[in-house]
Amino acid sequence: MIQPAAIADLAETARWFVWLLAAGAVAAPLARRICPGSRDGGYLLAKLLGWLAISWVPWMLASLGVVSFRAAGPAVGLAGLAVLFALFAGNRAFPGWRRLFAYEALFGALFVAGLAVRLAAPDLSGLEKFTNLGFMAAAMRADAMPPADMWLSGSTVNYYYLGHAGAALWTSLAGVAPDHGYQLHMATLFALTGIGVYRLTTELCARGPAAARALTGAVAAVLVLFAGNLHSVIYTLFRPWTASALAAFKPSSSTRFIGYDPVTSDKTITEFAAYSFHVGDMHGHVLATPAFLACLSLLWAVWKNDRGGAGHDRLCLAVLGWTGGICYATNAFDAAILGLMAAFVWSALALGDLSARQPRWLDRHVAGGLLTLFCGFAGVAPFVASFTPFANGVELSDVHSPLWQLAVLYGHLALPLAGLGVLIALHCRTASPQLVFVGLLALLAVALIAIPEIVYVDDIYREEFRRANTMFKLSYRAQMLIFLVSAWVVFTLGTAGTRFARVFAAVAAVPVLATLVYAGYTARPVPEGGYRLDGLGFLGEERALVDAVSRLQLANGEAILEASGPSFSGNARVSAVTGMPTVLGWFEHEWLWRNGPDIPNRRRADVDLIYGSSDAAAVCRLLDMHGVRYVVLAEREREAYPEADFQVLRGIGRPVFERDGMGVLEVDRERCGALRTPAAEAAPGMVGAGG
Amino acid sequence: MRTGGFLRSRRPSYAAAITVLTLFGFGLRALGLRWDDGALFQPDEANLVRAAVGLAFPDRLVPDFHAYGELSLLLPRLMAGWSADPATVSLAARLLSALAATAVIPVAAATARSLGGRTAGALAALLVACCSPLVAWAHFGTTESVLTLTVAVLFLLSVIHLGGKIDLRGFALWSGAAGGLGLAMKVSAAIFGVIPAVALVLGPRLTLAHLRWAVAGGALALAIFLATNPAVLLATGDFRRAIVWEGGIVRGSVDVFWTWQFAGAANGLFELRQLFGMLDGGIFLCALGGFVMFAWQRDDRALPALVFAGLYMAVTFGWHAKFVRYLAPLFPVLLVLAACFIAQCLERLRSDTATTLLAGAIALFVAAGVSRAIGFAEADPRHEVAAYVTAHATGRDTVLVEAREVTSGRYGTNTVGLLAVPAQDRRALEALADAVAGSDWLVINSRRHWSVLPRLRDRFPLMCGYYLALFRGEFGLAPVRRFERDPPLARLLRPGLAAEATRVVFDRPTVHVFQRRDARAPADILRAVDAAVHDCSLAAIVAARALAP
């Protein structure tokens, strides 16, 4: 018998999916208008654009103070989509029932697969899940954007939060709890990533049977969603012949290789999409992936339009800029990566025009680039206005990855790259637009792998981790591009006329497809009790406490207090789950977001003093200073302050929740006020000028 | 006398566009007109309103305040129904400002249309409507908006006169009337006479009859001035002393704290930098382009305004006091020039790149103006901070305020004291330390002192250390809140510390609140100042301030 909770989960999932279908359908006319002549009539691209637009409209209006994101966000998002539809309704986007059914079936299958991947380990604890859930929950509570920082009361989020705001909007739209929204949004990201890869790959596969094109697109999508890198192949299938110092292969092994196996003083990260979905990471690089893929699709449209003689379509450029801007506010590295790709595309277009002696070529391309930039900036201007960057510039890399380790990670690209090189050499004068564009994508992938060997972005990651974040963000996209380029090369050679080409394609496909071995290590059994959307099971006995806090009301400027802790600890869990601001959450995260340890250090001292001090007046002063209304006293707090008896807090607080030794106190302002002594009475020498 | 037709167009679409832009501009100027809730935070306006309220009929029609022309006191008072309530008079003065600033829109559009066609006219209307400084001045009950309108009208009259569309008599009398009204508002408007004077010289060959009308125009201006400024005749001594005192401030011979910010500022460069910032870069460059374009084209019609702008800059750029309000009369000229330049570029260049760049510059300019207007509808940070302190203080706390701009009544029953900054010597600092040690709250209402005094190390050797230690929380006072009037996109468009202080301190200051965290003796505070003063710089203060919430 199906449990009622499971039926409720199904209903929520169905509701969410229907909204996804609707958003895609409504954005279809716009996609068709900017991608004329595409095989899907822009229908698949519309899924990406609709998903972005529905949350961007209320985000922008809430940032400008026009509407409340919390109260009116979903309605405004739907109204925005309606306007979008009305503006472009003239561009009929119906791809035919057969295709439509196929596309939706593909999307639905990907969504279900993504949900299964996520719900196989549904707990939203570990790695960055607290951060992501906290941002989402904080955005759901916010009237204005940026939302309050749940881990630094009195401040707004200073991070690339636009993707999380989008997740919050979708969660509100579907009317589900934040943790359920998290799971469903991860499934959405999974499906959109797959659709984005599928669309771009099939668009680039120009000739050959339709089934082969579709198969190539599907394989590319599966590779991106499930496969690892060549390390996953070598260190599993050929493990006995490797010099690995690690006892066994784990899914994280392929993402922590350089600097870890063997251990060196240059530790880097080489994550990829399959790992992100395996661990359920909803951080910026995952949230931005559909927008990134949409940008690549739009760059292809720009390239195709211009090479086809149609010139620049201003609307297409504007949408490209807008999508790129969203990438910046979701994951800043993506804006840089897309900027590099755009520079490749524009340079190639300009060189082509120059050699063809096209009139006013420079003017046309510069104007196109500027329009894209302006739209990108305008689209996320409120984010730029509120965000204080925490990078301190670019440094030259003083350490480099051993070549053999790079080969172990990316060696599966070698044969496709060679095949691509031969294709370009053979068709250098008559290269198709597809060949050149894929060549540019390959160049981008290689550049993204090479850049961390030359420079890195200086952020708070220091010493042996100084290159880690740069390599992480760049190689993340590079590995995605490797699959895309490889699939295209194998398709093109495989459908070519010569036997040699087909044999080469088959040989080149072997290492690429072998990376799917990684899926064997990430696969999880169906959880006991079946797939459930609940992500808060890890809270255990504290769940009742967190539920109680989530029902409390906080006025603007008020905060809760709970034990803070180091990053990736189990502390700061109440603020993460409820989105309510606490005085300090994860210490190192605030260090990064506030570009230094000063602010979190001060806050940590205050939290320590409040929980540990026996001076009631001092505690009251700090509670007032940070606007604390509710204080959490539970197991985490007892672990963090084993010496404290919390008598001072109990003396000035009124319990609003108590169970099994856990409690939530509401600060009694009158009692606290009576305890506080004005400084004029405490310190001598006051020169008071009456007011 | 022919003057008609220049504010109207036979093309309904164009006229409709100008009308819509004028209404839109008025909306921006009228939005949040009571932005300080009647607290008179703009000090020039406060002086003007106090003087206006002091007038009484029929006994006391000559004020004792002569920094502004008496018409600027009388008009708001009359518009307020002769009310003696400062808040009502202030609102009337602001409404007058807003109306004058709105009138600049069609006038500038007509000028630009005469010089550069319909596109230029529409662009000028858009630029003037959305010009951030003009929007801000419209919210102050001072004379900037009227002076701007005077220049705009004189510019238009000179253009249509030199275009042969108005005869000398009409030109002279209308110019006299407009100039006289400007002069009645502010004596320094006398320099605007350069515009009609140059137009006269450039116009049709002068005859004795023509000269007669020119003299009549000048006489009309003088008559309006004297009729509305009886103090010139009835209290000549006071009037002269006020002018001398004001002149002393302008030249730097009178030492007042509000001109300390100009110490070390480079003449000309400082003002150009302000103009660049106030016109959001792109439109400033377009205005310079317009200057060069008209000079290159030897278009006589624009020459009077160009000569005026050049002369005005030559005079004012040499002054010690470099308040941006002195630059107000340049704005109609600069915006018309910018509009004509942009229209010319669009027409002649036919370049996609130029079009995109110009569209970007205009979009940024419009966004800045709209954002500034919306800001006035937000709550004033000085009122917000008073409410915050009152809500969090015990009712018996001592609140110290640097630059007391909010009445103590807004701080509830707490004791409110005015912080005696700056401290020039050790003894003054000791008194300051005593006060700070005894405070539960400290409020800094604007950047007037902390962004200026640290640069004046010779004069205030200890103040840099004082502010550095304060922002670092070393006085036992923790920085707890920062209040700003935050319109959308504020951080993108808010002027930095290089901006002249009055661009922010009047209407959109950043207010810092410090709350007592630990008790400190005065000696501890002095030690903290002494320790901080050694490695102190404005950059260090800015860095410490950035960490404050």
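In the text below, chain A, chain B and the rest are named by the order of the sequence lines, each starting its count at 1.
- By the 4.5 Å heavy-atom criterion applied to side chains, Arg350(B) and Asp363(A) are not counted as neighbours.
- Within the 4.5 angstrom heavy-atom criterion, no atom of Ser155(A) approaches chain B.
- Contact of Arg410(B) with chain A is not made at all, since no heavy-atom distance falls under 4.5 Å.
- The two residues Ala385(A) and Leu492(B) come nearest to each other via the heavy atoms CB-CG, 3.6 Å.
- Going from atom CG of Asp352(B) over to atom NE2 of His312(A) covers 9.0 Å, rounded to the nearest 0.5 Å.
- In this structure, the portion of Leu622(A) lying under 4.5 Å from any heavy atom of chain B is its side chain and not its backbone.
- For the atom pair CE of Met625(A) and CZ of Arg481(B), the computed distance is 13.0 Å after rounding to the nearest 0.5 Å.
- One finds the CZ atom of Arg314(A) at 6.5 Å from the OG1 atom of Thr356(B) (value rounded to the nearest 0.5 Å).
- Only the side chain of Phe377(A) comes within contact range of chain B, with at least one heavy atom under 4.5 Å from a heavy atom of that chain.
- Distance check, rounded to the nearest 0.5 Å: CG of Leu371(A) to CG of Leu357(B) gives 11.0 Å.
- Taken to the nearest 0.5 Å, the CG atom of Asp518(B) stands 6.5 Å off from the CZ atom of Arg621(A).
- Around CH2 of Trp591(A), the count of heavy atoms belonging to other residues, nucleotides or ligands within 6.0 Å does not exceed 12.
- Of all non-hydrogen atoms in Gly673(A) and Arg396(B), the two that sit nearest each other are O-NH2, 4.2 Å.
- No other option in Ser386(A), Ser63(A), Ala144(A) has as many heavy-atom pairs under 4.5 Å with chain B as Ser386(A).
- Interface check for chain B: of the options Gly368(A), Ala378(A), Ala381(A), the most heavy-atom pairs under 4.5 Å are formed by Ala381(A).
- Atom CG of Asp535(B) is surrounded by more than 12 heavy atoms from other residues, nucleotides or ligands within 6.0 Å.
- Neither the backbone nor the side chain of Tyr411(B) comes within less than 4.5 Å of any heavy atom of chain A.
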